[in-house]
Structures are given as structure tokens and as C-alpha cells.
Amino acid sequence: MEREVRVRFAPSPTGPLHIGGVRTALYNYLFARKMGGKMLLRIEDTDQNRFVPGAEQYIAESLKWCGIELDESPWSETPGPHAPYRQSERKPMYMEYAMQLINSGHAYYAFDTPEELDAMRARLTAAKVPNPQYNSITRTQMRNSLTLPEDEVKQLLDSGSPYVIRLKVPRKEEVRFNDMIRGWVVVHSSSIDDKVLMKSDGMPTYHLANIVDDHLMEITHVIRGEEWLPSAPLHVLLYRYFGWEDTMPQFAHLPLLLKPDGTGKLSKRDGDRLGFPVFPLEWHGTDVETGQPTVSSGYRESGYLPDAFINFLAFLGWNPGSQQEIFSMPELIEAFSIERVSKSPARFDQNKVRWYNEHYLRAKPDTELAQFLLAALQEHNIACSAEKAVQIVGAMKERVTFPQDFWREAQYFFIAPESYDEQVISKKWNAATASALLEFAQELPAHSDTTPEGIKTLLTMVLERQGVKIGQVLQALRVVVTGVAAGPDLMAIMSILGAQETAQRITTAVERLASKISA
RNA sequence: GGUCCGUUCGUCUAGGGGUUAGGACAGUAGAUUUUCAUUCUACCAACAGGGGUUCGAUUCCCCUACGGACUACCA
């Protein structure tokens with residue numbers, strides 16, 4: 001019988017989730033939904049030293065913002081069939097499994113102190129050993145249950161001496177697995193070291209906990225970052241020694257996300273260095289060295305729409321094979337397949353995310369966009385009707401990238417200009433223009449038709465009477481009304497502003513600019 | 001150093017033994033627009049190098065170069 005597809009996203013709560021992690025979660029989610037399976041989240045918090053308060057909530061909030069839904073997680077209202085979903089809460093069960101390996105001869109106790117380990121590595125390095133590690137050769141010279149007499153081991157254990165449990169990796173054996181993205185990967189066991197399975201603090205390492213939990217949680221596909229590829233053979237060995245090979249999940253190692261500049265994988269530090277977010281949400285942390293509070297910017301706070309962010313992220317390392325660029329989440333699910341994930345790493349493209357954002361912003365109905373403007377206006381204590389806000393965003397939407405641009409670039413709809421674009425004034429302001437515009441302003445309030453067309457009719461009429469061409473005064477009129485040289489259709493602006501306000505602004509400006517008239 | 005992974009326009013990528021090597025973003029130019037933008041059109045621009053295999057290789061194989069990941073009682 002076909003097993004139900006079950007995938008997991010397994011972050012550790014050591015800080016904010018960065019976009020690479022979000023992409024991993026996204027691909028897991030798309031795959032699960034596409035296959036009609038389940039998506040679960042497990043918190044990998046086996047390293048108590050690296051625990052960061054707030055990180056777990058951050059992960060939850062990030063995924064929620066992205067629209068990545070979880071079928072099973074530590075935050076579900078109902079516990080879920082494999083609860084708990086935090087490894088720290090599963091602690092008691094790991095030792096049992098480690099013992100299973102000890103009993104079957106695939107693992108052993110090691111009593112070496114950190115100093116002894118360092119000394120061993122130093123010795124091997126000095127001897128120019130190509131690959132210094134705790135392995136089938138070196139373990140014969142270390143203090144472990146393989147070299148020590150049985151009664152001494154027992155005595156050490158009984159006396160509570162600190163110890164770890166290590167995997168006994170075979171000396172020469174080929175370990176292979178078929179990666180869904182990379183095909184067959186073959187590694188010789190001699191290059192794998194005797195990894196620690198249980199730490200001296202009684203917690204399992206990632207390697208043990210990961211395999212035990214994936215097995216218990218009936219995970220069918222492990223989709224994770226490429227940084228895990230080197231340890232995948234070790235995991236295969238673990239499945240084998242536990243006798244779980246027949247239900248071992250299929251692996252898919254995702255290509256890395258690279259820094260936009262230079263080389264290397266994108267790291268948490270790159271964000272502020274490059275002036276664009278690497279985190280989905282803003283993060284308030286502390287600098288590890290100075291202890292000072294730090295703020296890292298997030299896509300959400302920067303004005304990115306979740307749909308745009310997700311669409312962009314999905315295309316970083318995957319493509320549908322068609323020429324379609326715009327995909328909603330349901331469309332992504334429909335089109336997604338692991339086979340179409342590329343092998344090579346992808347670099348960030350800030351222009352592309354912006355483009356996606358502009359696209360998604362323009363696709364939104366004006367009534368929805370108006371909410372962004374209305375919210376900003378409320379912050380500034382400016383009253384505005386919903387209808388007016390809809391009109392304004394309708395006029396502005398073709399020229400903004402972020403929702404906050406509406407307020408930033410449309411302030412003149414609410415606040416009369418205090419200054420006027422210098423360049424336009426010095427070029428276009430003259431006596432003829434001033435008198436024509438003044439006449440226009442005088443007649444405007446009595447003009448009945450204040451639609452953009454109606455206003456244009458009046459303006460044309462006045463200008464004809466004055467013998468001035470429209471092209472000569474329009475830029476000046478725009479600056480006089482808005483203060484700036486760029487913006488949407490001027491007739492629409494004046495229409496939204498209303499006849500009174502427009503006329504007022506023109507008269508004020510004519511007075512203020514009297515001295516600027518060039519002869 | 002060792003092990004593993006990768007390499008098509010500036011970027012994200014399609015393609016695949018015979019193609020004018022396609023698209024998108026960015027860039028440039030033009031058209032539209034009373035401004036800026038939008039929109040439209042055009043242009044620019046790539047198979048890392050060397051060997052094989054083959055009638056033919058960007059595509060398959062090998063080597064080199066370059067890049068990256070991993071190499072902890074971190075995940």
C-alpha cells in the first residue's frame with residue numbers, strides 16, 4: 001500500500017528564520033499539498049545553549065504570514081498523533097533508542113574529555129593525516145567501551161562519569177542513497193566519523209533525534225537544505241542499524257541560497273549589510289558580542305505582500321517549465337514537483353522581488369489598497385472618506401512599489417505644498433502663466449463640472465482666452481497644486497482635491513511666487 | 001587539507017546530440033503620455049576551459065579550473 005506522504009519542516013529556535021529556511025518550509029508545504037499529504041513542523045531544540053527566546057513564536061508567525069499551513073505542529077490546538085513536536089519534550093525516548101544501538105553493537109560509550117579530543121585532533125593534524133576524526137582507526141586509541149575493560153566501563157558508568165554515545169561507523173563500506181534532486185550519492189564510510197549520538201548532558205544530537213523522530217512521525221520525504229548532504233550517508237547508516245531501512249524517507253537536498261554579492265551562502269548577517277531584508281519578519285535581537293539590542297528588517301515590515309514574496313521565493317531554485325511567472329499559492333501547489341528543483345545554488349535578485357511586489361500590488365482592488373492609505377492617514381490624524389482614498393490609490397497604484405508609498409507620495413492630496421519644485425519654477429514660471437492660472441483659479445469655484453474632464457474643459461477655455469498653449473503652463477500648474485514635478489494625471493488630482501482647494505492653492509502659490517517671475 | 005555537491009545572458013532560469021540557444025528581472029533605445037510612472041516595441045546579453053565519444057556536442061563521458069557545502073558533545 002502507498003504510504004501517505006508526510007513531510008516535516010524542522011527548524012531550531014536559535015534566532016529568526018531566514019529566507020532560506022522559509023523556502024525550505026515552502027517547498028515542503030507545496031510538495032505535501034501537491035501529493036495530498038501532511039505537512040508537519042518539529043522544533044529541533046536539542047541544543048539548550050543556543051536557545052533564543054522568541055524564536056519559536058517568530059517561526060510560527062513567519063509561516064503564518066507566508067500562508068504556509070501546518071497539519072501537525074507544537075502549536076496546534078489539538079495535540080496531533082505524534083505529539084509532542086518539540087525535541088526537548090521528547091527527551092526521555094532518545095536514550096532508549098541509543099541503547100538499542102549499543103546493544104546491537106552499532107554504538108558505544110566514549111569517555112574522552114574535550115581536552116583529550118583536542119589532543120587527538122592536534123596529533124593527527126601534526127601527523128598530516130588527511131582527515132582527522134574519531135573513526136574506526138582512532139577509536140582504538142581513545143577511552144571508550146571498545147578499548148576499556150568491561151568492568152572499568154561499568155564502573156565509570158556507575159560512578160556517573162560524563163560520557164557520550166557514539167555511532168560505530170564501519171571501516172570500509174559504501175553508503176549510497178538516491179537523492180530526488182541529485183540522483184545517486186555515494187560516500188565511503190571511511191570518510192564518516194563516529195558521530196556523537198547522545199551528548200553528555202543527556203540530550204541527543206541532531207543526527208539521532210532526527211532519525212528517531214522522522215521514523216516515529218512516519219516521515220516519507222525529507223526535504224532540506226544542501227548543508228545536510230554530507231551527513232545524509234550517516235543518516236542512512238542509522239536507518240539501517242535501527243532496522244528501518246524499508247521505511248526510510250526519500251531525501252531531497254535543496255540548493256543553497258547565495259548572498260546577492262560575493263560568494264557563500266546567505267547568512268543572517270547579510271541583511272543589514274546589504275540594505276534589504278533576509279528575514280520574513282522584523283526581528284528584535286541582541287548583539288552577541290556587545291549585548292546591545294539589534295533590529296533586523298523584515299519583508300513584511302518593508303511592505304512586501306506575502307503573495308509576492310512567496311511567488312518570488314518559489315522561483316528561487318524551482319520553475320514550472322512554462323513561461324508563466326505569476327503563481328498564486330494554489331497554482332504553485334498544482335505546478336510544483338521536486339524533479340523541477342534545480343541542483344545549482346541561486347542568488348538573490350532584489351529587482352525581481354520588487355517587480356513581483358509591484359505586480360501583486362497593482363493586481364489588488366483599489367478598495368483593498370485604500371486601506372493602507374487610510375491606516376497611514378489615521379496615524380497622522382487626517383480625516384478622509386473611503387471614497388476619496390479609493391480614488392487616490394486608483395490614481396497612484398501604477399507608480400508605487402510598496403503600500404507605504406501611497407502615503408509618502410500622495411501627501412499633497414491632504415497637505416497643501418509649502419515649497420515648489422525649483423527646476424520647474426525656474427523654467428516654467430512667468431507672468432503669462434501666472435495670470436492665466438490666476439484667472440483659472442478665479443473661475444474654478446463657480447464651475448459646475450468638477451470631473452477631470454470638466455476641469456480640463458474650463459482650463460482649456462481660460463487658456464485659449466489668454467492665448468497661452470496648454471503645454472506651456474501644465475507643468476507649472478502641477479507644481480503649484482502639488483509642489484512636485486511628478487505624479488498622476490493632473491486633472492484627476494484637481495478633481496479629487498476639489499475646486500475650492502485647488503483654487504486656493506493656485507492663488508496662494510501665485511502670491512508666493514511673485515518674486516520668481518523672470519522678465 | 002579531506003569528503004561531497006555544483007557551473008547556460010549581470011540575475012532567476014528554459015532547453016537539450018543538428019535550435020536564429022527561449023522567457024522573466026535589470027540595462028539601453030524608441031513609441032504613447034501635458035509631467036513622472038505605467039503600457040507597448042525593439043535592442044543588448046550566456047552554454048567556464050581542455051580532451052574524448054560521435055557525421056555532428058552547449059547537451060553524453062573524463063580531466064582541469066572556479067565556486068560552494070560539510071568537516072563540533074550546533075543544528
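These figures come from a predicted structure and were not determined experimentally. Order of the sequence lines sets the chain letters (A, B, ...), proteins ahead of strands, with each chain counted from 1.
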- V187(A) vs V236(A) side-chain heavy atoms within contact, under 4.5 Å: no

- Message: Within the 4.0 Å heavy-atom criterion, would you say N210(A) contacts the bases, only the backbone, or no part of the nucleic acid?
- Response: nothing

- Message: Regarding S200(A), tell me which of base, sugar-phosphate or nothing describes its non-hydrogen contacts under 4.0 Å with the strands shown.
- Response: base

- Task: Could you check which of A69(B), C4(B), G6(B) has an atom nearest any side-chain atom of K265(A)?
- Result: A69(B)

- Sole candidate of Y134(A), Y108(A), Y163(A) that passes side chain to side chain donor-acceptor pair (under 3.5 Å) when paired with N144(A): Y134(A)

- Message: Please pick, from U35(B), G1(B), A75(B), the nucleotide with the shortest atom-to-atom distance to any side-chain atom of A486(A).
- Response: U35(B)

- With P as the reference atom in both, quote the distance from U13(B) to C9(B) in angstrom, rounded to an integer. 11 Å

- Base, sugar-phosphate, or nothing for P345(A), non-hydrogen atoms under 4.0 angstrom? sugar-phosphate

- Message: Does R478(A) contact U35(B) through a side-chain donor or acceptor facing the base, at a distance under 3.5 Å?
- Response: yes

- Indicate, with a heavy-atom threshold strictly under 4.0 Å, whether L256(A) touches base, sugar-phosphate, or nothing. sugar-phosphate

- Determine the contact category for T125(A): base if any of its heavy atoms lies under 4.0 Å from a base atom, sugar-phosphate if only primed atoms, P, OP1 or OP2 are that close, otherwise nothing. nothing

- Heavy-atom donor-acceptor pair, K352(A) side-chain to A26(B) base, under 3.5 Å: no

- Are OP1 or OP2 of A75(B) and a side-chain N or O of T46(A) less than 4.0 angstrom apart? yes

- Query: Side chain of R50(A), base of C74(B): donor and acceptor closer than 3.5 Å?
  - Reply: yes

